[in-house]
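So the structure is just underneath, and the comments pick up after that.
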There are 2 protein chains.
Amino acid sequence: MTSPLDRAPTMDDVAAAAGVSKMTVSRALRGAVVAAPTRARIMEAVSRLGYVPHAAAGALASRRSGFVAAIVPSMDNSNFAETVAGLEAALRQAGLDLLLGTTLYSSAREEALLHTLMRHRPEGIVLTGGAHSRRVAALLGRSALPVVETWDLPASPIGGVVGFSNRAAGAAMTAHLASIGRRRIAFLGGASRRDPRGEERGRGYEEALASAGLGPPRLFRHGQPPLSMRHGAEGMARLLERWPEIDAVVCASDLIAFGAIGECQRRGIAVPARIAIGGFGDFEVSRCAVPAISTVAVDARGIGERAGAMLARAVAARRRGDALPPERIEVGLRLVARGSSLLSGPPPDPAV
Amino acid sequence: MTSPLDRAPTMDDVAAAAGVSKMTVSRALRGAVVAAPTRARIMEAVSRLGYVPHAAAGALASRRSGFVAAIVPSMDNSNFAETVAGLEAALRQAGLDLLLGTTLYSSAREEALLHTLMRHRPEGIVLTGGAHSRRVAALLGRSALPVVETWDLPASPIGGVVGFSNRAAGAAMTAHLASIGRRRIAFLGGASRRDPRGEERGRGYEEALASAGLGPPRLFRHGQPPLSMRHGAEGMARLLERWPEIDAVVCASDLIAFGAIGECQRRGIAVPARIAIGGFGDFEVSRCAVPAISTVAVDARGIGERAGAMLARAVAARRRGDALPPERIEVGLRLVARGSSLLSGPPPDPAV
DNA sequence: ATCAAAAGTGTTACCGCTAACATGCGCCGG
DNA sequence: CCGGCGCATGTTAGCGGTAACACTTTTGAT
C-alpha cells in the first residue's frame with residue numbers, strides 16, 4: 001500500500017510501485033518490447049496511482065512534441081469547422097494532438113499566431129489557403145516543417161496540398177446559370193482582399209462569363225470577411241439598385257446566397273423565376289432552405305481528413321529521418337442544382 | 001557574425017550572442033527586471049537568430065504549462081464555435097494557450113479526451129454543460145484544477161460557472177407562444193439523452209405548459225445530436241402526423257426551427273398564421289430567414305469571453321498560491337419575437 | 001554442447017528552460 | 001571610510017521524461 005502523494009505521480013513513482021526501472025515503464029507505456037507479466041504489473045501500478053504521463057517532459061526528452069498546428073480563418077463558418085473536425089479525427093488516429101488558431105482573415109494575426117504556435121514546436125502545420133505573407137513563408141521555410149495547405153491549389157505550394165480550384169468553382173456555377181438560359185448574371189462577393197479564395201471564385205465567374213459571351217461582368221463586392229448571411233442580404237439590395245436587370249446571381253458562398261434569397265423574398269422578387277441564385281460550399285442551410293439553394297459542393301470534412309492523414313504521413317517520415325516528396329490532392333467539386341436555379345421539380349411553394 | 005546553426009537556436013545561443021547568461025535572457029523575455037541596455041542587446045540577438053522559446057522546456061522547469069483545456073460538444077454548431085472564439089480571445093489576452101477538444105456529445109469521448117488533454121498539464125479547464133460522468137468529476141476533483149462550466153447552471157458545480165437556465169429558456173419561448181394566443185403547443189427536440197441542455201429546454205416547455213393550463217405536453221424527440229436542420233424537417237413531418245392539430249412548436253434550437261419551417265413551407269402550412277414556431281440560440285440564420293425566426297437569444301461569444309476571463313483569474317490566483325472562491329455568472333436570456341411567431345409587421349411575403 | 005543473436009531490463013546523460021540562491025557592485029548615511 | 005542595502009546578473013540543481021548504450025538471460029541453430 002503506497003501512501004498518497006501530495007503531488008502528481010511521476011514515472012518514478014510508477015517504477016517504484018511496479019518494482020522496475022523508469023525506463024521500463026516508459027517502454028511499456030509507449031508500446032515497446034516489455035515482457036507480458038512486467039507490463040501487467042506496470043499497467044496495474046499506472047491505474048492504481050492514477051498516473052498521467054507528462055507530455056512536456058516527454059516532448060523535451062524525445063524532441064517530439066506530438067503537436068500539429070492548424071491555422072484557419074474562422075470557426076464560425078461551418079465549412080472550416082468541418083475541416084477542423086476531420087483534421088482532429090485524422091490526427092487523433094495518428095496519435096497527434098491538434099493545436100488550433102484562428103486568423104480572422106488577418107495576415108498580421110496569422111503571423112503572430114504562427115509565432116505563438118511555434119513555441120510548442122509542432123511537428124507539422126496545416127494552413128488554410130495558399131496566400132501567405134513573405135514573413136510567414138520565410139518562417140515556415142526556415143523551420144523545415146511538413147506543411148499542408150488546404151482549400152486552395154497554390155501555384156507554388158510550400159509543401160503538400162489538399163484543395164481545389166476556387167476559380168473552377170466560380171466558373172462552374174456561372175456556366176450552370178448560363179446553361180439554364182440566364183444571360184445577365186451578376187457576382188456577389190466580399191469587399192476585401194483578405195479573402196483570396198472568394199476573390200478567386202469571382203475571377204472564375206468573370207472567365208466563365210467571358211467564354212460564354214455574356215458581356216461585361218457585373219461584379220459587386222460587399223462586406224468584410226467572415227462573410228455571412230447579413231452581407232448577402234445587404235449586398236443583394238445594393239446589387240439590385242445598380243443592375244436591376246439581372247436574372248441570376250453567383251454568390252461567393254451559400255451563406256451569401258441565403259441572405260440574397262431572403263432579400264429577394266422580402267422584395268417580392270421570385271427566386272428562381274425572375275432571378276436564379278447559386279452559392280458555394282454546400283452548407284446545410286442550402287439543402288434545407290425553401291427554395292433549396294444550388295451550390296458547388298466541396299467535401300469540407302474530407303479536406304480535413306485527407307490533410308490530417310497526409311500530414312501524419314509526413315510527420316512519421318520525418319521522425320524516421322526521411323522526407324516525403326510533397327503530395328498534392330485535388331478534391332472534386334460537384335455542382336448541385338437545386339430549387340434556387342431550377343424552375344421544374346416540386347410545384348411552387350405557396351406564400352408563407 | 002554568427003554562423004547559422006543546424007538546429008533551432010536555444011536560449012544559450014541567444015545568451016552567448018548577447019554576452020550574458022542564459023538566466024538573464026530568460027528574465028528579459030519574461031519581463032522581469034533587466035537593465036535597459038542589456039535587454040536591448042538580448043532582444044536584438046533574439047530577432048537576429050530567430051529564436052523562439054521552447055514552451056515544453058519552460059513548462060517543465062516552471063511547472064506551468066500555460067495551457068487551458070476546453071471541451072465542447074461540437075464545433076459545427078455555430079453557437080459553440082462562437083463561445084470558443086470568445087474563449088480564445090480572452091485567454092490569449094491573458095497569455096494562455098487554448099487546447100481544444102470535441103466530444104461529439106459522447107461522455108465516453110469526453111473522458112478519453114480529458115485524459116489526453118491532462119497529459120499537457122493544463123492549468124485550467126473549461127467544460128460545456130454541467131453533467132459529467134462520475135469518473136470525469138473524480139479526475140477533475142483529484143487534479144484540483146480550476147474548472148469553469150458553461151452553457152448551464154449546474155446544481156452542484158465543480159468550480160466556476162458561466163451559464164444560464166436552459167429550463168428557463170424553454171419556458172420563455174413556450175410562454176411567448178401562449179401569450180400570442182396559441183393553445184396547442186408542441187416541443188421538438190432530440191431523441192437522445194446525450195444532450196442534457198436540450199432535454200432541460202424540453203422540461204422548461206413542460207413546466208410552462210402546465211402553469212399556463214394548456215393540457216398535456218406534446219413532446220416529440222427526433223434525431224441524435226449534433227441536431228441540425230435536417231432533424232428539424234424530419235421531426236416536423238412526424239410531429240404533424242402525430243398531432244395535426246398543433247398551432248405552435250417550440251424547437252430545441254434555431255436550426256431545428258429552421259428545418260421545421262421549411263417542412264411547413266413545403267407542405268403549404270402557413271407560418272406563423274397556422275403554426276407559429278420558435279427556436280433557441282439566436283443563430284444568424286434566424287435573423288435572415290423569411291420569415292425571421294423567433295428565438296431565445298443567448299450571448300454565445302460573451303459566455304466564452306467571460307469563462308476565459310474567469311479562468312484566467314483563477315489560474316493567476318493559483319500561480320500566486322491562493323485559491324479564489326468559485327464565481328458564478330448567470331448570463332441573460334432575451335426573448336426575440338420575429339416573424340415566425342408574429343402575424344403583424346411587414347406584409348406577408350408573396351410566393352417564392 | 002557451444003556460441004551468436006535476440007529478448008528483456010538497467011544505467012547514464014542529457015533535452016531547454018526556470019526557481020532559488022549566490023555574487024558583485026554602486027550608493028547611501030553615519 | 002565603512003557596513004549594509006538593493007539592484008543587476010551569474011551559478012547550481014533540477015523539472016519528468018527518453019535516447020543510446022550496457023548488461024544479463026534466453027533462445028535457436030549448428
Side-chain angles (χ1 to χ4, degrees), chain A residues 5-43 45-46 49-67 95 118-123 319-321, chain B residues 5-43 45-46 49-67 95 118-123 319-321:
Chain A
L5 301 158
D6 58 338
R7 53 176 174 74
T10 72
M11 202 173 259
D12 267 320
D13 300 320
V14 175
V20 295
S21 78
K22 189 166 58 163
M23 198 61 226
T24 302
V25 176
S26 172
R27 283 194 269 256
L29 289 176
R30 285 177 304 144
V33 257
V34 169
T38 312
R39 153 165 283 126
R41 273 207 326 282
I42 291 171
M43 291 314 187
V46 163
L49 297 179
Y51 170 70
V52 177
H54 192 305
L60 187 60
S62 67
R63 298 145 155 270
R64 292 174 182 183
S65 68
F67 275 127
M118 283 302 224
R119 300 165 44 105
H120 295 288
R121 297 292 188 273
E123 301 188 62
R319 286 179 171 180
R320 286 194 311 268
Chain B
L5 300 158
D6 58 337
R7 52 177 175 74
T10 72
M11 202 174 260
D12 268 320
D13 300 320
V14 175
V20 295
S21 79
K22 191 166 55 164
M23 199 58 224
T24 303
V25 176
S26 172
R27 283 194 268 254
L29 290 176
R30 286 178 303 145
V33 248
V34 170
T38 312
R39 155 165 283 130
R41 276 209 323 284
I42 291 172
M43 290 314 186
V46 163
L49 297 179
Y51 171 70
V52 178
H54 193 304
L60 187 58
S62 68
R63 297 149 158 270
R64 292 174 183 182
S65 68
F67 275 125
M118 283 301 226
R119 300 166 42 107
H120 294 287
R121 298 293 190 273
E123 301 188 62
R319 285 180 172 181
R320 287 194 310 269

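Since the model is a prediction, treat every value here as computed from it, not as a measurement. Excluded from the calculations below are hydrogen atoms, water molecules and symmetry mates; all remaining heavy atoms, backbone and side chain alike, are included. Letters A, B, ... are given to chains in the order of the sequence lines, protein chains preceding strands, and every chain is numbered from 1.
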**Report entry** Atom-to-atom span, NE2 of H54(B) to P of dG16(C) - whole angstrom
**Finding:** 6 Å

Requested in this report: Figure out the OH/C1' separation between Y51(A) and dG16(D), and round it to whole Å.
Outcome: 7 Å

Requested in this report: Rounded off to whole Å, could you give me the CE-to-P distance for the M23(B) and dG10(D) pair?
Outcome: 11 Å

Query raised in the report: Quick one: is S26(A) getting a side-chain N or O under 4.0 Å of the dG17(D) phosphate, OP1 or OP2?
Result: no

Report task. Please determine, for the side chain of L60(B), which listed nucleotide (dG17(D), dC15(D), dG10(C)) has the closest atom? Result -> dC15(D)

**Report entry** Nearest-nucleotide 5' precedence on DNA chain C, A36(A) against A57(B)
**Finding:** A36(A)

Query raised in the report: Does the side-chain contact (heavy atoms from CB on, under 4.5 Å) test come out yes or no for D13(B) and R7(B), once each step is laid out?
Result: CA-CA 11 Å; D13(B) 300 320; R7(B) 52 177 175 74; 2.9 Å; yes

**Report entry** Length of the line joining R27(B):CZ and dA8(D):P, which is rounded to integer Å
**Finding:** 11 Å

Query - Heavy-atom pair of closest approach, residues L49(A) and P9(A) - result: O-CG, 3.5 Å

**Report entry** Under-3.5 Å donor-acceptor pair between R64(A) side chain and dG17(D) base
**Finding:** no

Query raised in the report: For A28(B), does its backbone N or O pair with a side-chain atom of R39(B) as donor and acceptor, under 3.5 Å?
Result: yes

Report summary line: Rounded to whole Å, CG of D13(B) lies from P of dC17(C) at a distance of 9 Å

**Report entry** T38(B) side chain near dT9(D) phosphate (N/O to OP1/OP2, under 4.0 Å)
**Finding:** yes

Report task. Name the nucleic acid region contacted by T24(A), choosing base, sugar-phosphate or nothing; use a 4.0 angstrom heavy-atom cut-off, strictly under. Result -> sugar-phosphate

Query raised in the report: So which of R64(A), R319(A), R63(A) actually passes salt bridge (Lys or Arg N to Asp or Glu O under 4.0 Å) with E123(A)?
Result: R319(A)

Query raised in the report: Which class fits the ring pair F67(B) and F67(A): parallel under 30°, tilted 30 to 60°, perpendicular over 60°?
Result: tilted

Requested in this report: Using a heavy-atom cut-off of under 4.0 Å over every strand shown, decide if S62(B) touches base, sugar-phosphate, or nothing.
Outcome: sugar-phosphate

Query raised in the report: Between the base of dG10(C) and the side chain of K22(A), is there a donor-acceptor distance below 3.5 Å?
Result: no

Report summary line: In whole angstroms, the gap separating C1' of dG16(D) from CZ of R30(A) amounts to 13 Å

Query raised in the report: Rounded to whole angstrom units, what separation is found between the CE atom of M11(A) and the P atom of dT11(C)?
Result: 16 Å

Query - Interatomic distance, R119(B) CZ vs dT18(D) C1' [rounded to whole Å] - result: 13 Å

Query - R63(A) side-chain proximity, nearest of dG16(D), dG8(C), dG16(C) - result: dG16(C)

